[in-house]
Number of protein chains: 2
Amino acid sequence: MNAHDWSTAEQQIAQAAFKNAYDRETSTLIQDVRAKAGSIARLEDLWRLHDFLSARRHEIDGKYDYSYPSLIFVFAELLREGWLHLGDLEGLSRDKLAKITSLARM
Amino acid sequence: MNAHDWSTAEQQIAQAAFKNAYDRETSTLIQDVRAKAGSIARLEDLWRLHDFLSARRHEIDGKYDYSYPSLIFVFAELLREGWLHLGDLEGLSRDKLAKITSLARM
């Protein structure tokens with residue numbers, strides 16, 4: 001599925017949905033790190049925070065790849081993880097919604 | 001300079017001095033990270049914290065190498081950085097103290 005399979009309206013919906021999920025996940029991560037940092041007492045806790053940040057950065061950099069060939073899969077993953085809501089995708093074709101929700105259930 | 005160049009008393013002083021410097025530097029780092037984390041507002045701030053932790057972890061892992069051949073140099077560096085105090089080294093031979101303080105001034 002390439003860019004031409006997405007209408008202009010769908011592309012706008014997809015971009016906004018993508019941004020919503022990204023904003024939700026990253027603001028949750030920021031809160032999480034602030035809470036973790038507040039309870040750091042020893043150096044091991046600090047390196048554990050460092051390991052956590054390394055893993056999350058790698059995961060987020062990899063996951064938020066906005067490209068039309070992978071968008072259905074990215075949306076399915078974000079939906080499963082709860083960062084994307086079905087309401088964000090309102091206006092996409094039935095076919096795309098069916099693919100996304102069915103992949104999200106796997 | 002190897003372990004046999006350090007008397008038992010000097011080895012005990014060196015170990016305690018090393019631990020003091022390590023404790024001072026790492027507890028300052030922990031406070032620093034807690035303060036930095038408290039002011040994280042955006043994802044860029046989070047990744048900046050991650051970069052900072054990567055660099056500090058690498059530096060600390062490399063610097064706190066307790067081995068007699070490098071101890072004079074490590075102490076000089078820690079003295080220059082302020083993590084080690086001259087009082088921590090009280091009881092080392094004049095010769096060692098002279099080497100450490102002269103290296104620390106370089």
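What you see is a predicted model; the values in this text were computed from it and never measured. Order of the sequence lines fixes the chain letters, A, B, ..., with proteins taken first and strands second; residue numbering starts at 1 for each chain.
- The 12-atom threshold is not exceeded at CZ of A:F73, counting heavy atoms of other residues, nucleotides or ligands nearer than 6.0 Å.
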(request) For the pair A:V33 and B:L49, evaluate side chain to side chain contact (heavy atoms under 4.5 Å, CB included) and give the outcome as yes or no after the intermediate values. (result) CA-CA 10 Å; A:V33 169; B:L49 175 68; 4.3 Å; yes
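- With values rounded to the nearest 0.5 angstrom, B:D51 atom CG is found 4.5 Å from A:R57 atom CZ.
- Neither the backbone nor the side chain of B:S27 comes within less than 4.5 Å of any heavy atom in chain A.
- For A:F52, the CZ atom is densely surrounded, since the number of other residues' heavy atoms within 6.0 Å is greater than 12.
- B:A35 does not touch chain A: none of its heavy atoms, backbone or side chain, sits under 4.5 Å away.
- We find the CH2-CG distance between A:W47 and B:D61 to be 6.5 Å, quoted to the nearest 0.5 Å.
- Between the CG atom of A:L43 and the CD1 atom of B:I60 there is a distance of 6.0 Å, given to the nearest 0.5 Å.
- Atom CD of A:E90 sits in a sparse spot, with 12 or fewer heavy atoms from other residues, nucleotides or ligands closer than 6.0 Å.
- For A:A37 against B:R34, the heavy-atom pair with the smallest separation is O-CG, 3.2 Å.
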